[in-house]
Amino acid sequence: MRSLLLLATILLALGGWSQGRFDQLAIELEAATAEHPGLTETVDMSVSNTPVTEFVRALGVTHKMNLSIDPSVTGEVVNNFSDARVADVILFLCKQYDLELEQIGSILALKPYRAPPEPSPPPTAKQVLSITYHTDSARIDMDLRRDTLSSVARTISQASGTNVVLAPGLENKLVSVFIQNATLPNAIEKLAFANGLLVERTKDGTFQLRAEVVESAGAVPRNARENKTTSGSLEIAVRDEKWLVLSARNTPMSEIIEKASEVLNKNFFLYDAMDKPATLHLEMVSYEELLEHLLKGTEFTHQVSSGVHLIGKRDLEGLRRTELVRLHHRPVKDVLAVVPEGIKKNVTLTEFIELNGIVISGDALRIEEIKTFLRSVDQVVPVVMIEVLIVDVNRSRSMSTGIKAGLGGGPETTGGTLSPGIDMNLNSASVNSLINSFNGFGVFNLGNVTPDFYLSIQALETDGMLRLRSTPQLSTLNGHEATMSIGQTEYYLEVRNDLIGTQNPTVTTSQIYKPITADLSLKILPIVSSEDMVTLEIEVNQSTFTSRIAATAPPGSVERKFSSIVRSANKDMIILGGLEEKENSKNGSGLPFLSRIPVLKWFFGSRTAKMRKSKLTIFIRPTIIY
């Protein structure tokens with residue numbers, strides 16, 4: 001019966017205290033309405049099976065409030081709120097899911113409620129401690145049985161005149177020891193050893209006592225120079241209060257993290273079980289380096305939030321991070337293609353061309369690895385200016401000589417040119433006049449020719465030279481192709497006849513003018529290497545038109561092309577010439593035998609000689625611009 005009454009009293013006390021906590025929370029919300037006007041707005045919302053974290057996020061966005069909720073809070077909201085104040089809804093959530101409210105500047109943070117630990121009643125100290133200090137011999141006797149350390153330090157300091165100082169939190173620690181006839185330093189060292197403490201003496205002779213081990217399970221020495229603790233196959237040592245020396249064999253990762261956190265007094269939260277065993281040996285590593293080595297290559301990651309190390313799977317909410325990484329020296333276009341696939345796993349990368357950056361979403365460790373790679377490739381890309389000098393020289397020479405005579409179809413009147421070349425057509429009257437001028441001289445007495453006789457005399461020589469010079473300048477980024485094209489387009493007629501129908505077929509005719517192009521195209525791909533050397537991949541293609549075989553036929557074309565890969569220093573000139581074409585032709589016609597006799601061949605035949613020479617030379621000079 002007495003036990004039941006005691007239990008009821010405790011429950012009533014706890015219920016009253018809990019109710020008082022929410023009353024205090026309501027007062028705090030009312031006081032916060034001055035800084036957060038959204039708390040006084042009303043909520044009209046009906047939700048079903050909505051996670052409480054998403055509900056709080058939507059509540060903050062709707063009423064323009066900075067609301068934050070701990071990602072560890074779980075549960076779903078199934079309620080219909082109509083004309084309810086935002087402050088009342090937050091108070092309802094705190095009661096429903098046992099939350100507490102913390103105001104951080106302009107942010108209202110909801111997190112799981114943690115009841116304050118009940119203070120343990122201070123131990124009752126003895127009125128008179130069994131401590132005797134002999135001033136004549138400077139020796140001390142102690143017989144302590146569960147006495148408070150603060151009383152022991154005060155008594156020793158008063159009796160010996162030497163200060164004994166305690167580290168915070170050791171005032172109510174109970175100590176026990178029996179020491180007889182010992183010097184003061186020796187007695188304090190034995191007192192510390194018997195009760196798990198560390199002692200250090202300062203230059204002024206003061207003794208400082210502090211805790212040697214953490215009071216939790218599996219605790220290890222913190223401030224020792226090289227103290228060790230062993231948990232199965234795990235050994236951890238701490239040096240200088242921040243460096244770890246670890247040795248583990250087939251030890252679960254969660255156990256390694258737990259022990260290391262306890263040793264260094266680190267706050268951590270483990271979201272998932274990490275039973276995978278690990279074997280390692282590390283010396284003088286920090287806590288963050290240990291986590292990085294343990295979690296690398298696994299599905300887990302870590303992140304620090306408000307001094308707490310959050311450890312869990314990479315895709316867990318709260319451990320993901322989204323960041324914009326901007327490039328400074330090169331365009332972001334096509335950069336994602338060079339990021340290795342191994343470091344892009346489970347990470348989303350998106351080009352943000354407007355800001356010349358990449359949006360990365362994933363776990364923090366992967367993001368840092370990608371950022372390191374991007375910094376290594378974000379370098380100044382040189383610009384290569386390419387000066388091209390194109391020289392095309394065409395030379396031609398032709399000579400036509402001979403006498404042509406015939407009957408019928410000749411010119412009615414004599415005519416032609418005498419200069420710069422002879423090209424005359426003589427009718428029969430002119431020929432007879434010429435013959436009569438020779439008659440009467442010696443043995444010559446030639447008769448007249450018939451009225452339809454004609455004579456053509458030709459002696460003509462032509463010489464031509466055409467020189468084309470083009471100096472374009474191209475600029476492109478290193479590793480990108482630069483192109484240039486100069487061309488001419490002509491058209492030819494294509495006639496198409498289509499037969500339509502089978503019984504009474506009809507023929508339709510269509511005419512289409514189709515284009516044909518002749519041009520000079522140049523493609524250059526520069527690649528800059530060390531010591532300002534430039535490798536050029538060059539492709540040249542030149543085509544020209546020739547005469548048509550008919551007025552509506554397509555023109556003929558002559559094409560010259562070559563490709564090459566050369567390497568030169570910065571600003572050196574490269575000669576790509578040598579596309580040379582030569583043509584020599586000689587044609588003759590005349591009477592048999594007589595057309596081959598010297599001198600007579602000019603009177604009984606005609607001769608045509610042609611010579612043509614064409615040469616294309618290209619000079620290229622690359623210049624590197626940083």
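Fair warning: this is a prediction, and the values are worked out from it, not measured in the lab. Any value given below was found using the heavy atoms of this structure, including those in side chains, with hydrogens, waters and symmetry copies removed.
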K.L.:
I'd like to check the side chain to side chain donor-acceptor pair (under 3.5 Å) partners of Tyr133; sequence neighbours left out, ordered by chain and number.
P.N.:
none
K.L.:
Side chain to side chain donor-acceptor pair (under 3.5 Å) with Gln208: which residues, sequence neighbours excluded?
P.N.:
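Per chain and number, Gln208 pairs via side chain to side chain donor-acceptor pair (under 3.5 Å) with no residue.
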K.L.:
Who are the side chain to side chain donor-acceptor pair (under 3.5 Å) partners of Glu481, not counting sequence neighbours?
P.N.:
none
K.L.:
Show the nearest heavy-atom pair for residues Leu246 and Leu244, with the distance to one decimal.
P.N.:
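Taking every non-hydrogen atom into account, CD1-CB, 3.4 Å.
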K.L.:
Please assess Val73 against Leu110 for the test side-chain contact (heavy atoms from CB on, under 4.5 Å), listing each intermediate value before the final yes or no.
P.N.:
CA-CA 9 Å; Val73 178; Leu110 297 174; over 6 Å; no
K.L.:
Does any non-hydrogen side-chain atom of Thr476 lie less than 4.5 Å from one of Pro526?
P.N.:
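Sidechains of Thr476 and Pro526: in contact.
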K.L.:
Ile90 and Leu59: side-chain contact (heavy atoms from CB on, under 4.5 Å), yes or no, with the steps?
P.N.:
CA-CA 9 Å; Ile90 294 177; Leu59 191 65; 4.3 Å; yes
K.L.:
With Gln180, which residues qualify under side-chain contact (heavy atoms from CB on, under 4.5 Å), at least two apart?
P.N.:
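Counting only residues at least two positions away or on another chain, Gln180 forms a side-chain contact (heavy atoms from CB on, under 4.5 Å) with Asp141, Phe178.
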K.L.:
Do the side-chain N and O atoms of Ser361 and Thr348 include a donor-acceptor pair separated by under 3.5 angstrom?
P.N.:
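No pair is found: no donor N or O on one side chain lies under 3.5 Å from an acceptor on the other.
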K.L.:
Is Thr279 reaching over with its side chain to a backbone N or O of Asn250, donor-acceptor style, under 3.5 angstrom?
P.N.:
yes
K.L.:
Ignoring hydrogens and angles, tell me if any N or O in the side chain of Glu171 forms a donor-acceptor pair with the backbone of Gly169 under 3.5 Å.
P.N.:
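Judged by distance alone, yes, a pair lies under 3.5 Å.
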K.L.:
Test of understanding: with ring-ring contact (aromatic ring centres under 6.0 Å, His included), list the residues that count as partners of Phe373, not counting sequence neighbours.
P.N.:
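Phe373: no ring-ring contact (aromatic ring centres under 6.0 Å, His included) contacts found.
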K.L.:
For Tyr97 and Pro112, indicate whether the former's side chain and the latter's backbone hold a donor-acceptor pair under 3.5 Å.
P.N.:
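A pair under 3.5 Å: no.
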K.L.:
Just wondering, do Thr202 and Glu200 contact through their side chains at under 4.5 Å, heavy atoms?
P.N.:
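No, too far: nothing below the 4.5 Å cut-off.
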K.L.:
Return the minimal non-hydrogen interatomic distance between Val332 and Leu327, and the atom names on each side.
P.N.:
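The pair with the smallest heavy-atom distance is CA-CD1, 3.9 Å.
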K.L.:
Nearest 0.5 angstrom please: Asp334 CG to Arg330 CZ, how far?
P.N.:
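Rounded to the nearest 0.5 Å, the CG-CZ separation comes to 8.5 Å.
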K.L.:
Look up atom CZ in Phe207 and atom CZ in Arg201, then write down how far apart they are to the nearest 0.5 Å.
P.N.:
3.5 Å
K.L.:
For Glu351, which residues count as a side chain to side chain donor-acceptor pair (under 3.5 Å) partner, sequence neighbours excluded?
P.N.:
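Partners of Glu351 under the side chain to side chain donor-acceptor pair (under 3.5 Å) test: none.
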K.L.:
Considering all heavy atoms of both residues, which atom of His63 and which atom of Thr42 are nearest to each other, and what is their separation?
P.N.:
CE1-O, 3.2 Å
K.L.:
Which pair of heavy atoms, one from Val77 and one from Val52, lies closest together, and at what distance?
P.N.:
CG2-CA, 3.8 Å
K.L.:
Could you check if a side-chain atom of His309 sits within less than 4.5 angstrom of a side-chain atom of Glu288, using non-hydrogen atoms only?
P.N.:
yes
K.L.:
Is a donor on one side and an acceptor on the other found under 3.5 Å between the side chain of Arg210 and the backbone of Val199?
P.N.:
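Checking the backbone N and O of Val199 against the side chain of Arg210, no donor-acceptor pair under 3.5 Å is found.
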K.L.:
Between Ser254 (side chain only) and Asp275 (backbone N and O only), is there a donor and an acceptor less than 3.5 Å apart?
P.N.:
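Not a single qualifying donor-acceptor pair exists.
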K.L.:
Shortest non-hydrogen contact from Ser261 to Tyr287?
P.N.:
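Minimum heavy-atom contact is OG-OH, 2.5 Å.
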K.L.:
Just to verify, what does Glu102 make a salt bridge (charged side-chain N to carboxylate O under 4.0 Å, His left out) with, not counting sequence neighbours?
P.N.:
Lys111
K.L.:
Would you please test Val347 and Ile370 for side-chain contact (heavy atoms from CB on, under 4.5 Å) and show each step?
P.N.:
CA-CA 10 Å; Val347 178; Ile370 294 176; 3.8 Å; yes
K.L.:
Taking the side chain as every heavy atom from C-beta outward, state whether Leu209 and Leu198 have any atom pair closer than 4.5 Å.
P.N.:
no
K.L.:
Would you call Arg145 and Asp147 a salt bridge, using N to O less than 4.0 angstrom?
P.N.:
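Result for this pair is no, no salt bridge flagged.
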K.L.:
According to ring-ring contact (aromatic ring centres under 6.0 Å, His included), who are the partners of Phe55, at least two apart in sequence or on a separate chain?
P.N.:
Phe81
K.L.:
Kindly determine whether Arg57 and Ile69 satisfy side-chain contact (heavy atoms from CB on, under 4.5 Å), including the steps that lead there.
P.N.:
CA-CA 8 Å; Arg57 186 178 294 109; Ile69 185 169; 5.7 Å; no
K.L.:
Who are the salt bridge (charged side-chain N to carboxylate O under 4.0 Å, His left out) partners of Glu341, not counting sequence neighbours?
P.N.:
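Per chain and number, Glu341 pairs via salt bridge (charged side-chain N to carboxylate O under 4.0 Å, His left out) with Lys344.
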K.L.:
What distance separates Asn478 CG from Ser529 OG, expressed to the nearest 0.5 Å?
P.N.:
9.0 Å
K.L.:
Decide yes or no for Thr206 and Thr162: does some side-chain heavy atom of the first lie under 4.5 Å from some side-chain heavy atom of the second?
P.N.:
no
K.L.:
Using 0.5 Å steps for rounding, measure from the CG atom of Leu91 to the CG atom of Leu39.
P.N.:
11.5 Å
K.L.:
Are the side chains of Val86 and Val89 in touch, meaning some heavy atoms are under 4.5 Å apart?
P.N.:
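Counting from C-beta outward, Val86 and Val89 never come under 4.5 Å.
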K.L.:
Flag yes if more than 12 heavy atoms outside Arg249 fall under 6.0 Å of its CZ atom; otherwise flag no.
P.N.:
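At most 12 heavy atoms, drawn from other residues, nucleotides or ligands, come within 6.0 Å of this atom.
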K.L.:
May I ask you to test the Leu144-Leu191 pair for a side-chain heavy-atom distance under 4.5 Å?
P.N.:
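Counting from C-beta outward, Leu144 and Leu191 do come under 4.5 Å.
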K.L.:
Where the side chain of Asp70 meets the backbone of Ser72, is there a donor-acceptor pair that is under 3.5 Å apart?
P.N.:
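Confirmed, Asp70 side chain pairs with Ser72 backbone.
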K.L.:
Any side-chain to backbone donor/acceptor pair from Ser157 onto Val164? Under 3.5 Å, distance only.
P.N.:
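Pair found, side chain donor or acceptor close to backbone of Val164.
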K.L.:
Taking only residues two or more places apart in sequence, or in another chain, which ones meet Phe269 in a ring-ring contact (aromatic ring centres under 6.0 Å, His included)?
P.N.:
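Listed in chain order: Tyr271.
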K.L.:
What is the minimum heavy-atom distance between Met253 and Leu294, and which atoms define it?
P.N.:
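Closest heavy-atom pair between Met253 and Leu294: CE-O, 3.4 Å.
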K.L.:
In chain order, what residues pass the ring-ring contact (aromatic ring centres under 6.0 Å, His included) check against His36, with sequence neighbours excluded?
P.N.:
none
K.L.:
Are Val534 and Ile527 packed together at the side-chain level, in the sense that at least one heavy-atom pair is separated by less than 4.5 angstrom?
P.N.:
no
K.L.:
Quick one: CG on Leu536 to CG on Leu525, what's the gap to the nearest 0.5 Å?
P.N.:
8.5 Å
K.L.:
Checking Arg85 now: which residues fulfil salt bridge (charged side-chain N to carboxylate O under 4.0 Å, His left out) with it, not counting sequence neighbours?
P.N.:
Glu30, Asp88
K.L.:
Got a donor-acceptor contact below 3.5 angstrom from the Thr251 side chain to the Ala248 backbone?
P.N.:
no
K.L.:
Kindly compute the distance separating CD1 (Ile624) from CG (Asp532), expressed to the nearest 0.5 Å.
P.N.:
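Output value for this atom pair is 4.5 Å.
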